[in-house]
Amino acid sequence: MGKINVLDFSVANLIAAGEVVDRPASVIKELMENAIDAGSRHITIEIQNGGVTFMRVSDDGCGMEPDDLPVAIRRHATSKIKDATDLEAILTLGFRGEALAAIASVSDIRIMSKQRDAEMGAVLEAHGGQIVSLRETGCPDGTTVIVEALFANVPARRKFLKRDVTESQAVTQAVERVALSHPEIAFKLIVDGDIKLGTAGDGKLQSAIYAVFGRDFAGRLIPISGEYEGIGVSGFIGRPDNVKGNRNYQNFFINGRWIKSKTAMAALEQAFCSYLSPDKYPTCVMNLTLNPARVDVNVHPAKLEVKFSNEKMIFEAIYYTVRHALEQNETRPELKIPENKKSSTAPGTTLTNSRRVSDAFAPVRDARDESVTRRQIGITTPAPTPAPPAQKKDAFVRLTAEEYVREYLGGKSQPMPPKPSAPASSAPVAPAPISAPAPVAVSPVPSAPQDVPMPSDADTPPVVCADVPPAIPAESEPPVVPTVPVMGDGAACDTNAPNEPAVVPDYRIVGEVFHSYVLVEVGDKMLVIDKHAAHERILFEQLKEKLHSTDTTSQLLMLPIEVMMMSDEVDLVAEYRPELEAIGFAFETARNTVSVSALPVGIDAGAAGDMLYAIADRIKHNTGNATLTRDILFEKALYQGACKAAIKAGRVYPEDHVKWLVAEMMRLPDITYCPHGRPVAMEMTRQNLDHQFERS
């Protein structure tokens with residue numbers, strides 16, 4: 001007798017159900033997708049006890065005929081496709097015809113449905129996949145599905161469910177994702193009688209984001225929009241001050257379907273390189289639209305993962321769209337002051353910021369009365385003991401921006417001019433006057449300062465740091481104007497605006513506090529500029545511009561470098577030989593070895609292997625290409641150099657350096673974050689400041 005058994009239909013249904021339905025959240029997801037495919041405008045989801053005992057999804061879609069209800073819970077029964085050719089261009093969220101059959105086989109289910117032009121609806125009831133009754137009933141237009149006693153007939157599966165609160169959170173997350181993918185639909189989620197989520201359904205993505213993530217998250221977003229090789233990218237990304245410690249806030253949608261994609265995540269995170277710290281992850285709600293024939297959604301049981309016909313195009317479309325939005329962003333984070341906490345008082349007393357209304361115009365008597373008493377009896381408060389002068393640090397040579405480019409990008413660094421020695425007198429010597437070049441044409445931008453000599457050790461503690469690099473263009477060079485970044489192989493981002501110098505607003509430098517922060521008044525706002533972070537970003541942009549403005553050159557090696565690689569990695573390196581040679585590599589391949597005879601200028605010989613490994617890995621996993629990998633590695637080296645060359649917080653610098661720094665900030669409003677992700681400046685409106693002083 002043979003050993004192969006043909007499983008009973010009910011057993012096969014239970015096995016198939018385990019692939020589609022593993023917890024209440026997957027049931028809710030499938031029912032919501034059916035409601036969306038039915039053309040619904042309002043969808044209500046209700047669960048009890050985490051969805052284990054009760055789930056209900058109601059919609060106002062097209063509804064079903066009574067004869068369709070028994071067929072709907074059969075396996076492979078669907079109205080979405082008819083033949084194999086329909087699988088090549090799937091436009092609906094559901095198409096397999098397995099969801100209702102899987103749900104019905106592991107629960108007690110009731111389906112009530114009515115079409116708009118029908119007088120009566122119908123209700124079907126089934127237990128464990130077996131139909132119990134089908135009858136006419138009065139019900140509203142659309143479909144309502146009620147699922148009870150989930151996994152009651154599969155105890156082995158039910159024991160793996162989590163606590164009710166955990167399952168409720170999973171359901172909430174599933175509803176949030178679907179709500180973000182369809183802002184034109186009004187969603188309502190009710191958990192144990194409480195409304196947990198409600199979206200407006202007005203078609204505005206930001207309204208859905210506000211409802212799901214709250215006001216603070218929605219207020220710190222950057223809109224994105226772009227198209228590349230027929231792939232549309234739209235939605236929002238979080239600003240560099242709106243990042244998280246994990247990837248839970250990264251939401252990607254392909255043609256309205258929430259998906260997991262390593263390619264999309266890698267493109268987003270690499271676009272944020274030099275805009276956030278390495279231990280943080282960017283956030284997004286991003287919609288990708290492309291021809292359905294270029295994406296296969298039938299590769300995962302729950303349709304969470306997809307396969308693209310060309311992963312490289314997806315990566316570049318996301319990367320360049322996000323990068324362009326970041327480089328054009330001019331929004332600075334708001335300087336927030338926490339609200340005063342109201343203290344408790346006796347009943348019947350009205351408070352205004354912890355004070356009685358009757359005392360709103362009365363003088364405050366605690367500290368003032370003590371001061372008056374001290375003056376009357378002749379007691380004086382001793383003056384604070386002055387802090388000892390800071391120890392002067394040894395002067396050291398720091399590379400300027402241009403010298404850094406020459407030193408690390410292939411040129412020869414010129415020796416720095418010697419600093420003039422201080423006179424032998426022991427009296428303090430004032431720093432030499434700064435010879436400023438001709439003023440910049442755009443007013444009120446001042447000219448850049450030159451190097452200032454350092455006083456000798458015999459002098460009093462210095463008040464000026466002399467090792468500040470000018471980090472500005474020479475007088476013969478025109479001001480740098482930000483240009484529109486190119487997309488991929490040179491196609492510029494869509495824009496009709498010509499490249500014109502930015503309009504510099506009127507501003508006034510109020511002063512500097514703690515030798516670290518510069519206060520600037522701009523219109524009805526106050527800017528607090530971190531001078532180190534600002535100078536670091538300005539230096540980084542100058543270095544990066546010089547990097548991309550020079551032609552790609554190679555540095556020949558006296559002896560080839562043997563790089564051991566896996567056979568598939570060697571094949572990838574050989575396949576992408578033109579791209580690698582275009583960025584400066586020259587090499588020969590063997591079975592498990594790549595012999596490198598030339599490197600891109602600026603790459604240390606010891607880093608050749610790591611760079612080839614990184615390029616091969618990103619090409620293999622569709623998370624980048626040779627040029628982008630080279631640029632990212634170079635940028636990391638550049639912003640490390642910019643950090644070392646920038647002026648330091650806590651030190652005193654000439655006034656002209658501060659003026660030049662503020663002028664650059666005003667001229668380049670897109671300088672908002674340093675390469676490490678810290679804000680360059682924070683702003684506070686006059687209205688908020690008046691509110692803090694109770695003037696509003």
Side-chain angles (χ1 to χ4, degrees), residues 25-26 28-30 32-37 39-40 43 80 89-95 172-187 197 199-213 217-218 221-238 244 247-269 271 281-300 302-311 313-319 321-322 325 622:
S26 57
I28 295 297
K29 171 184 173 295
E30 297 291 347
M32 286 191 298
E33 290 181 350
N34 285 342
I36 293 172
D37 290 339
S40 305
I43 300 176
K80 316 296 174 59
I90 298 174
L91 298 174
T92 57
L93 297 177
F95 57 89
T172 302
Q173 188 178 52
V175 175
E176 290 173 348
R177 290 169 176 172
V178 176
L180 291 173
S181 65
H182 290 275
E184 75 281 1
I185 301 176
F187 290 87
L197 175 68
T199 63
D202 56 2
K204 298 178 181 178
L205 178 57
Q206 197 161 16
S207 298
I209 295 175
Y210 184 99
V212 171
F213 296 123
F217 184 91
L221 297 175
I222 302 174
I224 58 173
S225 179
E227 185 176 1
Y228 180 71
E229 298 291 339
I231 301 171
V233 182
S234 62
F236 294 89
I237 57 174
K244 303 296 180 182
R247 295 187 176 94
N248 292 343
Y249 284 76
Q250 295 181 6
N251 294 276
F252 298 96
F253 303 94
I254 301 290
N255 295 336
R257 183 193 305 275
W258 187 89
I259 63 159
K260 295 179 180 179
S261 172
K262 293 182 179 179
T263 300
M265 290 188 294
L268 174 69
E269 292 168 13
Y281 296 92
T283 61
C284 74
V285 178
M286 185 181 301
N287 297 307
L288 302 179
T289 55
L290 67 159
N291 189 330
R294 301 173 65 179
V295 56
D296 185 3
V297 299
N298 194 23
V299 296
H300 190 274
K303 296 170 287 189
L304 297 179
E305 298 179 3
V306 298
K307 187 174 183 179
F308 300 102
S309 61
N310 192 333
E311 301 273 355
M313 295 298 181
I314 299 295
F315 180 92
E316 293 181 352
I318 296 175
Y319 177 88
T321 301
V322 173
N622 300 301

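Between Val233 and Tyr228, every side-chain heavy-atom pair lies at or beyond the 4.5 Å cut-off. Residues Ser261 and Phe252 are not in side-chain contact: their nearest non-hydrogen atoms beyond the backbone lie 4.5 Å or more apart. When side chains are defined from C-beta on, Glu176 does not count as touching Asn251, because their heavy atoms never get closer than 4.5 Å. Within the 4.5 Å cutoff, the side chain of Phe213 has no heavy atoms near those of the Thr283 side chain. Using a 4.5 Å cut-off on side-chain heavy atoms (C-beta onward), Ile43 and Ile185 make contact.
What you find for Val175 and Ile28 is that their closest heavy atoms are CG2-CG2, 3.9 Å. The shortest non-hydrogen separation linking Ala325 to Pro223 is CB-O, 4.0 Å. Residues Ser40 and Ala35 share a closest heavy-atom pair of OG-O, 2.7 Å. The two atoms that bring Phe236 and Ile224 nearest to each other are N-CG1, 4.0 Å, heavy atoms only.
The structure places CD1 of Ile314 at 7.5 Å from CD of Glu311, a figure rounded to the nearest 0.5 Å. To the nearest 0.5 Å, atoms CZ (Arg294) and CD (Glu229) are separated by 7.5 Å. Between Leu288 atom CG and Thr321 atom OG1 the span is 9.0 Å, to the nearest 0.5 Å. Of the inter-residue distances, the one linking Ser234 atom OG with Glu227 atom CD reads 10.5 Å to the nearest 0.5 angstrom.
Considering Trp258, Phe187, Phe253 in turn, Phe187 is the only one that fulfils the side-chain contact (heavy atoms from CB on, under 4.5 Å) rule with Val178.
In this structure, Phe308 has no ring pair (Phe, Tyr, Trp, His ring centres under 6.0 Å) partners at least two apart in sequence or on a different chain. Considering only residues two or more places apart in sequence or on other chains, Ser26 meets the side-chain hydrogen bond (donor to acceptor under 3.5 Å, both in side chains) condition with Asp22. Taking the side chain to side chain contact (heavy atoms under 4.5 Å, CB included) definition, one finds that Gln173 meets it with Arg177, sequence neighbours left out. Residues passing the ring pair (Phe, Tyr, Trp, His ring centres under 6.0 Å) test with Tyr281, sequence neighbours excluded: none. Take Gln250 and apply the side-chain hydrogen bond (donor to acceptor under 3.5 Å, both in side chains) test, not counting sequence neighbours, and it matches Glu269.
Side-chain atoms of Thr263 never come within 3.5 Å of backbone atoms of Phe315 as a donor-acceptor pair (strictly under, hydrogens ignored). Under a 3.5 Å cut-off, the side chain of Asn255 and the backbone N or O of Leu290 do form a donor-acceptor pair.
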Would you please test Met286 and Val322 for side-chain contact (heavy atoms from CB on, under 4.5 Å) and show each step? CA-CA 10 Å; Met286 185 181 301; Val322 173; 3.8 Å; yes
Give every donor-acceptor pair under 3.5 Å between a side-chain atom in residues 203-211 and any protein atom, sequence neighbours left out.
residue	atom	partner	partner atom	Å
Gln206	NE2	Ala218	O	3.2
Ser207	OG	Asp202	OD2	3.1

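Within 6.0 Å of NZ in Lys260 there are 12 or fewer heavy atoms belonging to other residues, nucleotides or ligands. Within a 6.0 Å radius of OH in Tyr249, no more than 12 heavy atoms belonging to other residues, nucleotides or ligands are found.
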